[in-house]
Structures are given as C-alpha cells and as structure tokens.
Protein chains: 2
Amino acid sequence: MSNISAWIERFPGLSRLDQPTKELLLNQSQIVNFAKGATIFGPGNSPENMLFLLDGTVRVQQTSDTGHEIVLYRIEAGQSCVLTTACLLSYDDYSATGIAETAVDAAAVPRAVFDTLVAQSKPFRDFVFAAFSKRITDLFLVIDEVAFQRLDVRLADKLIKLSSNTDRVATTHQKLSIELGTAREVISRQLQEFQRRGWIEQARGSVTPIDKSQLQKLANHNT
Amino acid sequence: MSNISAWIERFPGLSRLDQPTKELLLNQSQIVNFAKGATIFGPGNSPENMLFLLDGTVRVQQTSDTGHEIVLYRIEAGQSCVLTTACLLSYDDYSATGIAETAVDAAAVPRAVFDTLVAQSKPFRDFVFAAFSKRITDLFLVIDEVAFQRLDVRLADKLIKLSSNTDRVATTHQKLSIELGTAREVISRQLQEFQRRGWIEQARGSVTPIDKSQLQKLANHNT
DNA sequence: GAGTCTTGGTGACTATGTCACCAAACATTC
DNA sequence: GAATGTTTGGTGACATAGTCACCAAGACTC
C-alpha cells in the first residue's frame, strides 16, 4: 500500500473497515482531480460515481427557474457526496449543482462498488447513513433560515463564519447573496448598514470585520 | 401468510424481495397504529424503528426557535420514513416532527433488522435509496419555493393540490400558513384577494375554489 | 347567557425583493 | 496610455411579504 492508497485512513468513519473491504475500496476506486471552478455534477450531468473528497471543497447549490441561486451545503475533505449517490440510484434528475470551490482531489467509487460495500460492511453503512444524516440536517437548517430568520442575522452569521480564519473576507456582494439566497442589492444595503455602525470595512471584493463581537452578538439572535 | 402479513406486496419496491427476505421482514416487524393527531416522532423523541406506512398520512414539519412552523413533506401509504432512519443511525437529534395527519397503520422495523435487510437484499437497498432520493428532492423543492417563489403562486398551487379530490377544502388560514411557512395574516390577505377576483369562496374553516382554471394559471407561473 | 377558544380581519409599520438605472474599479487591447 | 468592455457596487422608487397589536364574530362549554 503506497501513500496514495492510504486515503481511507483520512476518513474517520472508514478506518474501521476490515482489511478486505479496504482493499476492495482501494482497488476499485480511482483518484480524480477537478480544477477550481469546475462543475462536478449538475442537472443533466448525473455523476456515475460516488466521491470521497480527499482535498478541497465542493459547493453544492441550486438554481431556480427564476434564475436565482442559493448555496445548499458544502462538502469538505473527509466527507463524501452521498446525496449524489442517492439520486444516482434513482430516476430523478439531480437538480443541484456541485462546483469545485478549490482544486479538488477525490476518490471516485463506481455505483456497483458502492452497492457491494454497503452490502458487505456495517462500518461502511454507518458511514453512509451518517453522511446522509448530516446533509439532511443541513438542509433542514437551510429551510429554517431561509423561511424564518432575519437577513441581517444571517449575514452577520455568515461573515463571522467566513472570517474565522482570516481578517479579511475575500468575496463579492453577489457571492454573499448566493450564499443566503437573496438579491445582491439587499446584501449591499445590509453591508452599508454594518459599515455605518462601524462593524465592518469594505473594499471592492472584500469585507473586513472590525468589531466581530458586535457581529457575533447580532448573529446570536435566534440561532 | 395471513392477509395481515401481505403488507409487503403493497410496496412496489419491496415486492421484488426474495422469499427469505420477505419472511425476515414480516417476522421481525410489528404492525403499529397511531391515532389522528398523534406525534410519531419529534425532537428528543428519536424513533427506534423504521416505519412502512400501510395506511394514512404522516405530516413532517419543522418548528423554528422563533415559533414559526413549516411543512417539509408528507409520507403517504406505500412509502417509508427513511429520513428518521438515517437520523436514528446518527448522533444528531432529529429536528423535525412527524404527526399522524389521519389514523395511521404502519409496519415498524427495528433498526437492527433494517441494517440486516440493507446488507442482504439489493432490492431493499434500492428501495431505501430511492426513498431517500424522493425526500431530498422534496426538500430541494421546498427550499426553492420558500426562497424564490411568490406567495400568491405558492398559495394558488397549494389550493389546487388540496382541491384535486374535493370541491371544498376544509382548512384554516393558520394551517395554510404552516403549509407555506408564512404568517396567518399573509394568507388571510391573499385569500381575500383571490375572493375579490372571484376565484374562491370562503367560510370559517373552508376555502372553496370556484374558478380553478384561474388558480391553475397563477400556480403555473414559475413552476 | 357568560366566559372562553378558535378563527379571521385590519391598519400601521418594517423588512425584503425588484427594477432600472448609474458609476467607479479593473482588465484587456490596441 | 487611451479606448473599451466587464465586474462590482450604489441608488431611488416601488412591490411584496412579514410583524405587531389589536378587534370581532363564530363556536363550544359550563
């Protein structure tokens, strides 16, 4: 087993697989790469494989027939594209789009192998169902936020999360509006209000939180 | 095999199971009943079993911490509560609530049996993943509607669907507002507008479509 | 028939989304 | 480096949706 085949160990849920199962998974899967910005799956482009993300982030979003977009969830390294698998096993077209937010390395597992693994390994089943559970919980949360939470609260929350590592959040009003499923103008006005209060500073293509505690305080309203 | 054990045949996806699997499913499951209005599962009340609905309808809805409610989807006879199963296999608390909308008969399958069935039967796996797929597609649709569709369109659509069998829809403004995740006042005003246009008639606890074609026409805007 | 609960109505207000623009920053090209 | 196009953000006017604080009529209970 070379180091490239050690990827299974990066998945906490998969390290408990027994040795034959690990070998099956390694032998029958293939490492694939996607460039930043690539469309990994989308309507009319059903994925043939289940992906285990080794590195990078996939953003899953939906485009309404009105042309509006909203981010549904993200798949990070160490997680898998289970929802694509579910939908790949069914008739329906998958109505969401997966976009490589960074360069992405992933292990692609064909659906037949996926099926075999689900059949023969309890740890693998647990992994799959836990992954489903996380995604569905995420979706419930999105519904709650879109339907019932105030936009200023959601935006403050988003800014806090985006700025957890950096001082300066490199994003545009347009991108923020897709994150929250709203219009660009609404984001622009809300950011102006935050700026007026001295909570952030803005530049073209970036937002810099100055008073994170105030943003956090607003984000905590109904969370 | 008495007729009570023939329930598997009512599930199109399960009729393809082989005989030993059918027997396992029948022997290890139990028929349960819920009265209309009963809470079948909810936060802090994780279901121990997977349910196969033999008769009746389960309404699955979410209550926000702001006190607002929204209907997520319904489980009809012939379908199963897969999402509860997913969440039951994971740590998270299930944040949605399942309410018996009518009297409900169901077959309850313990999680250990569910796991065995997933392991040993491909048709059962297909059934489970197809059910997942349907639910997730439903959730995507809810997100799209809540985030991007106009309320008059959504209300017209809901009225058309509710009146497919009956002339007179027995519901309250409050219930309609929960269906769409909005406020009662908003529904009241929208229904007044429909009434003003001569599309519906209202009475306490009921809405009667008069001009379904107009409602349908509005409902078709962005669907 | 007096209370009480459910259901629905209403005005005033706030929040959010839409539309049609404009203008500055930036990138590209010659 | 001037001309040009693209991206990003700003703005006013307006439409739609949600909130709040009430009120009132029907229905149900005692």
Side-chain angles (χ1 to χ4, degrees), chain A residues 37 63-70 142-159 168-197 200-208 218-219 221-222, chain B residues 37 63-70 142-159 168-197 200-208 218-219 221-222:
Chain A
T63 303
S64 171
D65 46 14
T66 62
H68 293 123
E69 295 175 277
I70 184 169
V142 169
I143 291 173
D144 186 271
E145 289 192 344
V146 168
F148 303 129
Q149 304 300 328
R150 290 179 53 97
L151 201 88
D152 51 358
V153 173
R154 295 171 60 210
L155 180 56
D157 185 59
K158 183 59 72 179
L159 289 175
R168 200 180 128 93
V169 180
T171 187
T172 66
H173 296 190
Q174 180 65 47
K175 282 179 184 164
L176 286 170
S177 75
I178 295 176
E179 291 289 332
L180 303 184
T182 182
R184 197 260 316 159
E185 298 93 312
V186 176
I187 297 292
S188 296
R189 283 178 187 131
Q190 203 60 66
L191 287 177
Q192 277 175 57
E193 176 60 20
F194 288 172
Q195 186 172 34
R196 195 190 62 74
R197 294 185 196 167
I200 62 167
E201 273 179 3
Q202 293 191 73
R204 188 186 168 93
S206 83
V207 178
T208 309
L218 177 57
H221 276 259
N222 304 324
Chain B
T63 303
S64 170
D65 46 14
T66 61
H68 293 122
E69 294 174 276
I70 184 169
V142 169
I143 290 172
D144 185 89
E145 289 192 345
V146 168
F148 303 130
Q149 304 301 328
R150 290 179 52 98
L151 201 87
D152 51 357
V153 174
R154 296 171 61 209
L155 181 56
D157 185 60
K158 183 58 72 178
L159 288 175
R168 198 181 129 93
V169 180
T171 187
T172 65
H173 296 189
Q174 180 65 47
K175 283 178 184 165
L176 286 170
S177 74
I178 295 176
E179 290 289 332
L180 304 183
T182 182
R184 196 259 316 157
E185 298 94 312
V186 176
I187 296 292
S188 296
R189 283 179 187 130
Q190 203 61 65
L191 287 178
Q192 277 175 57
E193 176 61 19
F194 288 172
Q195 187 173 34
R196 194 190 64 71
R197 296 186 195 166
I200 61 167
E201 274 179 4
Q202 293 191 72
R204 188 186 169 92
S206 83
V207 178
T208 309
L218 178 57
H221 277 258
N222 304 322

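No experiment lies behind these values; they were computed from the predicted model shown. Reminder, nothing fancy here: chain letters follow the sequence lines and each chain counts from 1.
Distances shown here put a side-chain N or O of B/S188 below 4.0 Å from the OP1 or OP2 atom of C/dG9. The side chain of A/H173 places an N or O atom within less than 4.0 Å of a non-bridging phosphate oxygen (OP1 or OP2) of D/dG10. Contact annotation: B/H68 does not reach the phosphate of D/dG18 (side-chain N/O to OP1 or OP2, under 4.0 Å).
Look at CZ on B/R154: it is 9 Å from P on D/dA17, rounded to the nearest Å. As rounded to whole Å, 16 Å separates atom C1' of C/dT10 from atom CD of B/Q190. Rounded to an integer number of Å, the gap from B/I187 CD1 to C/dT6 C1' is 17 Å. Protein atom CG of B/L176 is 18 Å distant from nucleotide atom P of C/dT6, rounded to whole Å. Rounded to an integer number of Å, the gap from B/Q192 CD to C/dT7 C1' is 13 Å.
A donor and an acceptor atom never sit less than 3.5 Å apart when one is taken from the side chain of B/R184 and the other from the base of D/dG18.
Of all the heavy atoms in A/F148 and B/G181, the pair that sits closest is CE2-O, 3.4 Å.
Closest to the side chain of B/T182, out of C/dG8, D/dG9, D/dG18, is D/dG18. Closest contact between the side chain of B/R204 and the listed nucleotides D/dT19, C/dT6, D/dG10 involves C/dT6.
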Give every pair of a protein N or O atom and an N or O atom of nucleotides 12-16 of chain D that lie under 3.5 Å apart, one pair per line with the distance.
unit_1	atom_1	unit_2	atom_2	d
D/dG12	N7	A/R189	NH2	3.0
D/dG12	O6	A/R189	NH2	2.7

